[in-house]
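So the structure is just underneath, and the comments pick up after that.
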Amino acid sequence: MTENHFHTVRQTLLAQMEEGVAIIVAASPKTRSNDTEYPYRQNSDFYYLTGFNEENAILVLVKTAALTHTLLFIEGYNADYALWNGARLSLEEARQRFLVDDVHERSHYAVSIAEVLREHTRLYLDLYSEAPALTEAKKAAHALHHTRGVKRHIRTLIDVTHLIHTLRLIKTPGEIAMIRHAIGITLHAHHEAMRVCRVGMKEYQLQAAMNYVFLHNGAHSEAYGAIVAGGNHANTLHYIDNQDVLREGELVLIDAACEWECYASDITRTFPINGTFSPAQREVYNAVLNVQLAVIEAIKPNVKREWLQTYSEELLCDALIHLGVLSEDRTALMEAKAYKKYAPHGIGHWMGLDVHDPCPYVDEAGESLFLQEGMVMTIEPGLYFRADDESVPLEYRGIGIRIEDTILVTEKGYENLSAGIVKTIEAIEAMCKN
Ligand code: GLY
Ligand code: MN
Ligand code: MN
């Protein structure tokens with residue numbers, strides 16, 4: 001995405017703010033063990049506003065009645081750091097690249113923020129973060145509060161993340177392009193897993209085949225820990241062990257996807273390890289697929305998101321009745337939420353810079369949001385029949401199926417951004433035999 005894009009996002013946030021100062025900090029490096037670190041992942045809100053991937057940077061947005069001012073504090077070039085880790089942007093390079101008013105060294109931040117805050121009464125920050133830069137700002141505000149003769153002091157702390165997360169609900173064309181790119185690579189990875197899967201392989205070998213595709217195409221990170229769940233493991237919703245052998249006659253559920261420029265994808269496919277669905281597997285698979293297709297078909301602007309959830313629960317309940325897993329009347333089953341035992345998770349979630357995008361689901365009154373053009377969400381119904389669950393017909397025990405796609409709400413309806421990833425029984429079996 002271009003620097004203009006990030007400039008526009010910052011201006012949009014400034015327009016939402018009252019007079020005051022907003023501070024948004026980059027993620028700090030996280031220790032993995034001793035003196036080694038996890039691969040760095042930027043704070044999504046900071047990336048949203050800057051597109052900048054360096055650690056310890058700080059964005060400050062200032063708004064007064066007369067003007068707005070944006071400052072970026074960065075570590076700057078350091079020869080020793082460059083020797084070990086590669087060069088960080090110099091101040092001059094940052095000034096040329098970012099469309100901000102000022103770039104300063106991180107080491108000047110504590111003094112500068114105290115100067116900025118003495119003119120303001122409102123401070124926007126992540127109320128729940130313990131980032132050092134926010135502690136420094138609060139200390140500076142506290143000191144000003146006790147200093148005689150200071151014209152103003154910070155009297156209101158406001159959660160800036162709520163403003164940012166509300167903006168993040170509606171994706172721009174540039175953001176949608178990033179998500180499309182991530183999904184494009186994930187498409188190849190899922191197809192590769194179907195092609196290489198053989199009875200007797202290990203779950204982690206399918207994960208490796210997919211990670212090869214991610215890395216080979218420049219996506220250096222999974223968007224979340226991959227789930228590669230053979231047979232009954234599919235009934236453990238967050239199974240990430242991925243160590244077991246893939247057995248004859250069982251399905252494998254793969255919930256895995258990559259990230260591109262910090263934008264996620266989130267895709268699940270379930271397919272037969274030997275390449276051919278058994279009759280019982282076909283029945284459950286088509287039941288889940290029909291629910292998924294019906295829910296996706298209902299997506300358009302002005303539909304309440306909450307209604308999609310209820311609709312999916314009704315459809316899953318009907319599917320369970322149809323499969324003979326539930327037998328009572330539907331009204332009683334819906335009231336008792338009897339389907340929850342076999343379909344315990346929600347129909348989907350917002351997706352964007354985070355796989356579970358932290359955008360609001362309800363408005364200030366607590367009412368479900370209506371879908372709007374530019375929202376991106378997953379639709380991922382599943383049915384899970386544990387091997388030891390005697391309430392389930394014998395032939396379905398040990399089957400767990402989820403089908404997950406990423407959907408963009410458009411002006412007239414929806415676009416399934418992952419429609420290219422095979423999903424019908426015929427297309428999956430053909431891919432497995434490919
Ligand atoms: N992969 C996480 C999820 O589907 O929500
Ligand atoms: Mn999901
Ligand atoms: Mn998923």
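Note: hydrogens, waters and symmetry copies are ignored here, and every other heavy atom, side chains too, is used. One-based numbering, in listed order, for ligands and for the atoms of each.
Inter-residue side-chain proximity for Ile154 and Arg122 is flagged as unmet; no heavy-atom pair is nearer than 4.5 Å. Side chains of Glu248 and Ile273 form no contact here, defined as non-hydrogen atoms less than 4.5 Å apart. Side-chain contact between Met201 and Leu246 is present, with heavy atoms from C-beta onward closer than 4.5 Å. In this structure, Phe271 and Cys197 have side chains that are in contact, with non-hydrogen atoms separated by less than 4.5 Å. Glu75 has its side chain out of reach of Glu105: every pair of non-hydrogen atoms, C-beta onward, lies at least 4.5 Å apart.
The structure places OG1 of Thr186 at 12.0 Å from CG of Leu417, a figure rounded to the nearest 0.5 Å. Within the model, atoms CD1 of Ile254 and OG1 of Thr270 stand 8.5 Å from one another, a figure rounded to the nearest 0.5 Å.
Checked against Ile24 for a side chain to side chain contact (heavy atoms under 4.5 Å, CB included), the options Tyr124, Phe46, Tyr47, Tyr48 give a single hit: Phe46. Here the rule is side chain to side chain contact (heavy atoms under 4.5 Å, CB included) with His69, and of Val60, Val100, Asp101, Leu61 only Asp101 fits it. Each of Thr68, Val9, Val62 was scored for a side chain to side chain contact (heavy atoms under 4.5 Å, CB included) with Leu14, with one residue passing: Thr68.
Distances from the Mn ion (ligand 3) under 2.8 Å pick out these protein N/O/S atoms: Asp255 OD1, Asp255 OD2, Asp266 OD1, Glu404 OE1.
For a heavy-atom separation below 4.0 Å, the residues in contact with ligand 1 are Tyr224, Asp255, Asp266, His349, His356, Glu380, Glu404.
Of all N/O/S atoms in His349, NE2 sits nearest the Mn ion (ligand 2).
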